[in-house]
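The structure appears right after this line, and notes come after that.
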Protein chains: 2
Amino acid sequence: MTGSGTTERRSRKDAARNREAVLAAADDLFTRCGSPEDVTMADVAAAAGVGKGTIFRAFGDRAGLLRALYEVRLEPIREAIEAGPPPLGPTAAPRDRVPALLDAVLCFKLDNRRLALALEEGGSGSPYRAEHYGRWHGLLQAVLEQIPGLPDSDFTAHALLAATRADLVEHLAGEERVPREKMRAQLADFTARLLACGPPRGVAAEE
Amino acid sequence: MTGSGTTERRSRKDAARNREAVLAAADDLFTRCGSPEDVTMADVAAAAGVGKGTIFRAFGDRAGLLRALYEVRLEPIREAIEAGPPPLGPTAAPRDRVPALLDAVLCFKLDNRRLALALEEGGSGSPYRAEHYGRWHGLLQAVLEQIPGLPDSDFTAHALLAATRADLVEHLAGEERVPREKMRAQLADFTARLLACGPPRGVAAEE
DNA sequence: TAGAATCCGGACTGTGGGTCCGTTTTGACG
DNA sequence: CGTCAAAACGGACCCACAGTCCGGATTCTA
């Protein structure tokens, strides 16, 4: 081990401290403010008690800051998906895991509306180029592929994820006042209807 | 009509001429350029041979210009939907009309990629607040409602439209090189799977 | 043709992301 | 503990772009 007691050896301790301060300040500002657009980098810098230069040095650009925040918030979910129990974890049956994954995405966006919004809107260029989207899509597609009789897993994964787009979620939750549980149920039902085809299964004409 | 030969009586003829010039120039620039972001209002003004003030006087702001362009391009489709023959027109059976509507939206976005992109991204705030989205959603929801056994027509309409989001279409067509016909088929199949529940229906698994 | 209303157009402003560099902090070494 | 170089700080600065303003040109009315 190195002599120092901190977690990393690479950055100076004031750098690490400021990085955390910025992260905390940004997190706070984004959850508090009405629209992500009116949180400027200067605001974040002021709230964190640092200069603008410090932020750009630590995160590269605005998108980098958003991404860093996103990773932090996403960590628990990611873990539950990679090594957790069913229905989210890898041991779940595909038919159960697909709706669980989508529900997790939806809940995440409901819990982090402003952040997700800022990430999808302001993220330089298309959200589909962001590598975190690629991860979600890849995973969902792989799971869909394991369900027999479902063609076009690639497009299907895109389409299902599109139903959880941050601005749609924001619109439904904010503008149309759809309660959380109702939205979850609607997404689950939508997914279920899609997966209902193919293999033997009751007609599912309930209600 | 009034004594003048032009369509309107309210605007001076140089105003009308400039309006058309701006519309044409913007249309041209948007289809030509790589990303809508790097078409500035000054560019449009220069290409149209007018001053910036003229554009803002005529269209209010950037979003207004986009909206005006959109309306022009959408006109034929709108007509086909309101008074055309099946499967797009109002006399079509709901089960046939839903996929036809979605296909029309998809084709429109394929034919006007940059414009649709600019409209959904840069359109001040959420695309869900734009009234043209409201029209699409309202229509689709109304048609979905007529299909027996389909719950949540409101959410379903949102989710289906989300599958035709401009940036997703752009990503698939541009980045992943999915050919037009394939994308149409995938969307049609996706829709068909959703509507497959309930009443008896052929499998419709054509290629 | 005179006069007034309307419109034109480009100089100007405000704002926010991103850069630069003189100054300060840190940590290693003697 | 004193010295020094590397790293980080921070806010003044730059630039690009949406949107505004007003002196001057154009068009309609009488």
Side-chain angles (χ1 to χ4, degrees), chain A residues 1-23 25-26 29-30 33 35-69 118-119 121-125, chain B residues 1-23 25-26 29-30 33 35-69 118-119 121-125:
Chain A
M1 323 293 170
T2 61
S4 174
T6 47
T7 47
E8 300 278 321
R9 67 160 185 88
R10 193 165 148 55
S11 62
R12 252 166 55 171
K13 83 179 162 200
D14 54 348
R17 183 169 41 79
N18 279 336
R19 184 189 166 90
E20 293 311 309
V22 168
L23 236 35
L29 284 183
F30 276 118
C33 274
S35 168
E37 314 256 307
D38 42 51
V39 174
T40 75
M41 297 303 268
D43 290 339
V44 176
V50 303
K52 272 176 62 176
T54 302
I55 295 188
F56 285 97
R57 167 176 296 274
F59 299 98
D61 58 3
R62 186 182 168 93
L65 173 58
L66 271 328
R67 251 176 286 137
L69 260 178
L119 201 65
E121 286 185 351
S124 52
Chain B
M1 298 308 176
T2 63
S4 174
T6 48
T7 47
E8 301 278 321
R9 67 160 186 86
R10 196 174 134 45
S11 62
R12 253 166 54 172
K13 84 178 161 198
D14 53 348
R17 182 170 42 79
N18 280 336
R19 183 188 167 90
E20 293 310 310
V22 168
L23 235 36
L29 285 184
F30 276 118
C33 275
S35 167
E37 316 255 307
D38 41 51
V39 174
T40 74
M41 297 302 269
D43 290 339
V44 177
V50 304
K52 275 176 62 175
T54 303
I55 295 188
F56 285 97
R57 167 177 296 275
F59 299 98
D61 59 2
R62 186 183 170 93
L65 173 58
L66 270 329
R67 251 176 286 137
L69 260 179
L119 202 65
E121 286 185 352
S124 51

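Labels below follow one simple rule: chain letters A, B, ... track the order of the sequence lines, proteins then strands, and each chain is numbered from 1.
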Worksheet item: Any idea which heavy atoms bring B:L69 and B:A26 closest together, and the distance?
Response: CD1-CB, 3.8 Å
Quick test: give all pairs of protein nitrogen or oxygen and nucleotides 6-9 of chain D nitrogen or oxygen below 3.5 Å, distance rounded to 0.1 Å.
unit_1: D:dA7; atom_1: N3; unit_2: A:R12; atom_2: NH1; d: 2.7
unit_1: D:dA8; atom_1: O4'; unit_2: A:R12; atom_2: NH2; d: 3.4
unit_1: D:dC9; atom_1: OP1; unit_2: A:D14; atom_2: O; d: 3.4
unit_1: D:dC9; atom_1: OP1; unit_2: A:N18; atom_2: ND2; d: 2.6

Rounded to whole Å, please give me the gap between [atom1] in [X] and [atom2] in [N].
X	N	atom1	atom2	result
A:D43	C:dT15	CG	P	12 Å
A:F56	D:dC14	CZ	P	17 Å
A:F59	C:dG17	CZ	C1'	16 Å
A:E37	C:dG14	CD	C1'	17 Å
A:R62	C:dT15	CZ	C1'	13 Å
A:K52	C:dC21	NZ	P	16 Å
A:L65	C:dG18	CG	P	11 Å
B:I55	C:dG10	CD1	C1'	12 Å

Item to complete: Test for a donor-acceptor pair under 3.5 Å between the base of C:dG27 and the side chain of A:K13, counting only N and O atoms.
Response: no
4.5 Å side-chain heavy-atom contact, [X] and [Y]:
X	Y	answer
B:F59	B:L23	yes
B:M41	B:F56	yes
A:D14	A:R17	yes
B:E121	A:E121	no
B:T54	B:R19	no

Discussion item. Using a 3.5 Å distance criterion without hydrogens, assess whether the side chain of A:S35 forms a donor-acceptor pair with backbone atoms of A:D38.
Written reply: no
Discussion item. Quick check on DNA chain D: between B:D38 and B:R17, whose nearest nucleotide comes earlier from the 5' end?
Written reply: B:D38
Discussion item. Need to verify one output field. Residue with the more 5' nearest nucleotide on DNA chain D, B:G53 or A:G49?
Written reply: A:G49
